[in-house]
Amino acid sequence: MIRFHSAAPRLGLLLALGLIAGCVESTPAARETKSTPQGLASEVSIFGASVSPSTLEDSDLASVELGVKFRSSVPGTVTGIRFYKGSSANGGTHVGSLWSRTGQRLASATFTNETATGWQTVRFASPVSIAAHTTYVASYLSPLGRYSATVGYFAGQGTSNGPLTALASGVDGYNGVYVYGSGGFPTQSYQDANYFVDVLFIPAPDTSAPSAPSSLVATASAPGSIQLTWGAATDNVGVTAYLIYRDGNEVASVSGTTRGYKDQGLAASTRYSYTVKAQDFAGNTGAASNTASATTSAQQPPGGLNLPRVPWEGGPSFYARFPAMAGTPWVSEDFFPIGYWGAYTDEERRIVTDRAHGINTFLEIYNVNDSSAGWMRQHGIWNLAGSGLGGEAVGATFYDETDMWAGPGWDPWTGAVATYDVCIPDDPRRCGFTIYNALYQELNNPSAFIYANVGKGALMWWSDEEREIGINGADGPDPRAKWRFGMVTGDIYFYTDGNIAGEAPIWFGIPANEVRRAANYGEILMTNLRTTSGAGNNGDPRIPLGVIVELGGQAQGSVINANQVEGAVWSTLIHEARVLGYFSHVFSDSTENPSSTDVLNDSRAAYQATRDRVKKINAEVTALARVLNTQSYVWQFNPNLSTMLKYRDGAAYVFAMQKRQFTSGTYTFTLPAELPASGTIEVLGENRSISYSGGKFTDSFAAEYTHHNYRIPD
């Protein structure tokens, strides 16, 4: 942050220390949108419990008041203030304040019982009522400086959680405000910095439903499509969504600022009737609009795009080859495998929790008892670590990371697993292929769906031929191999492995400052797996593949935050993963990232943001299963982006994130000529849309883990 007399010295210091965002490798600020802080059950905050400012301890030693401008979309009460302490050097007596936009102090309170690091919280003696859609400032006094910050955080974008939004710079002046001295109303700003000040907010009860939307009109448009338009509803606070009903059944929802919807994938020559209802933030749903009807044309909608296809493997037709999958959701296009590696099955509550987070598959299980199988069947989770004979046990899992602890080769196996004296000779260990053959023979089920997870051996250390043997088995270059896998995943943890920063530049050729990035999960691991699986098969992968993403630290003190988890997951999917996988364990042991054997069942606050984000990701993937289970098209939207293009039910779907060497930027997408040259693009899961023309559209990517999913009506 700058001082009053001169900006230049402070800016030079930041550059020298490598603290300006984007200049050096750093951990980006978490922009959590779903977590709720500890405290009253109904309290909401802007930022999540898991957050990582790029500068944990600024070198500034001056006393300074640091603040954030925010608004709420609904009225309510502010009960207190939070701020993030990156180190114990941010000491002294901290005082939190709430201000009006014009500088009237509405409340203040002194922080007590602070911890050395992390979020600090204080509540006001009396909650303060605030109005909707009105700017307020939350601040705290840092008398010894050494505060946490992320420079550039509010440049061009804000961040929201529920009704609260920290404003982007430019919405109401600059955000990230401060004033030097012993305390006061912060009005100055430097480089759109976020100082991680937050509020505790309770929305006011809202029992008033919106009015009915007016003038609903339905028009048959393109084949298989009906276009709806309507007039705005009104509400005492504000309309947040419109619910669309077709023949009495809810089929879609759009944002409260949208006045139209194109219903697609409909049968030809069929009459459909529609109503629309408005909904507010509190979930109140109003009365239905008038009924509007239209009949689709006799022509069937086009089946896809006239573009080359990405090699396809997996999906319902692949799983239908395995007898144990018969009659299960695996053979339905509405099912996408979402796996948890290391699930504990000794208590029903754990399985219930896993399912509530969107898990539908166990990749490895622990603490099995007589009730485990029944609980899995009851709660709809499929087990790849079973017998492969059916029921919930649709698959059989080979020993984890045999590639690492047994090595490649055909030496004799002692029968030991992941310990000493595994191979004969034991140094060097070269009996992994012998073990795969032995496990296949022991299974004695040539029709079984066999799952294996590999690590640094097959993904990093082995030769190309060894990789091809291990992944492809009987379809590979060595006739001695008898096994055939039904699915393979890989696990290398770019964010949290204590050794990967030294290994990745050597084995993968990644620059050291580009190792800890979400893009590597897809660009490196998925690409390597697909290349290996396609060896000797005209480049077409043989089996469904995926990558396991860690949910916590693997090295002492290492951290992966919720944003990075989401970025890593979508990187794998954009690079054609056919399974989404999470690793349950945390091997680090720090206050920020404590050791855990089961993150989704670990109720500590350190994992709340991650648990919430996993649930969000899995809900989005489940909703997109029919899209993800279609073959992708080859198309380059922008050379600096990793993208995946699919087409389903009269719409194109584009999934995008920046390539590894980029961490933020604005990019222009060039659409295939077959798609409309102009129109509106829905940004899925973000409650916004983009108007485009000339076959191009532009969007921004704020950080290395940022991804966007787009739906483009045809």
Legend entry - Cationic tip of R480 above F433 ring, under 6.0 Å, 45° of axis: no
Inset, instruction - Using atom types as modelled and distance alone, determine if a side-chain donor or acceptor of E592 lies under 3.5 Å from a backbone N or O of G557. - result: no
Inset, instruction - Run the salt-bridge test on D464 and R467 with the 4.0 Å N-O cut-off and return the result as yes or no. - result: yes
Inset, instruction - Check the side chains of N537 and D475 for a donor-acceptor pair under 3.5 angstrom, ignoring hydrogens and angles. - result: no
Legend entry - Sidechain-backbone polar pair: T328 side chain, M325 backbone, donor-acceptor under 3.5 Å: yes
Legend entry - Nearest-0.5 Å distance, CD1 of residue I560 to CG of residue N563: 10.0 Å
Legend entry - Qualifying residue for side-chain contact (heavy atoms from CB on, under 4.5 Å) with S596, from V586, D589, N601: V586
Inset, instruction - Could you tell me whether R542 and E313 make a salt bridge, using a distance below 4.0 angstrom between a side-chain N and a carboxylate O? - result: no
Legend entry - Side-chain donor-acceptor pair present, D346, Y366, cut-off under 3.5 Å: no
Inset, instruction - Determine, for E576 against R578, whether the closest basic-nitrogen to carboxylate-oxygen distance falls under 4.0 angstrom. - result: yes
Legend entry - Presence of salt bridge, R626 and E333, under 4.0 angstrom: yes
Inset, instruction - Look at the side chain of T706 and the backbone N and O of F701, then say whether any donor-acceptor pair between them is shorter than 3.5 Å. - result: no
Inset, instruction - Enter the distance from Y451:OH to T489:OG1 here, rounded to the nearest 0.5 Å. - result: 2.5 Å
Inset, instruction - Report yes or no: is the cationic atom of R516 (NZ for Lys, CZ for Arg) under 6.0 Å from the centre of the six-membered ring of Y495, at an angle within 45° of the ring normal? - result: no
Inset, instruction - Flag the pair K456 and E401 as a salt bridge only when some basic side-chain nitrogen lies within less than 4.0 angstrom of an acidic carboxylate oxygen. - result: no
Legend entry - T361 (side chain) donor-acceptor with G339 (main chain) under 3.5 angstrom: no
Legend entry - Salt-bridge present (E620, K615; N to O < 4.0 Å): no
Inset, instruction - Take Y436 and F485, measure what ring pair (Phe, Tyr, Trp, His ring centres under 6.0 Å) needs, and give me the verdict at the end. - result: CA-CA 10 Å; Y436 280 164; F485 291 133; 5.3 Å; yes
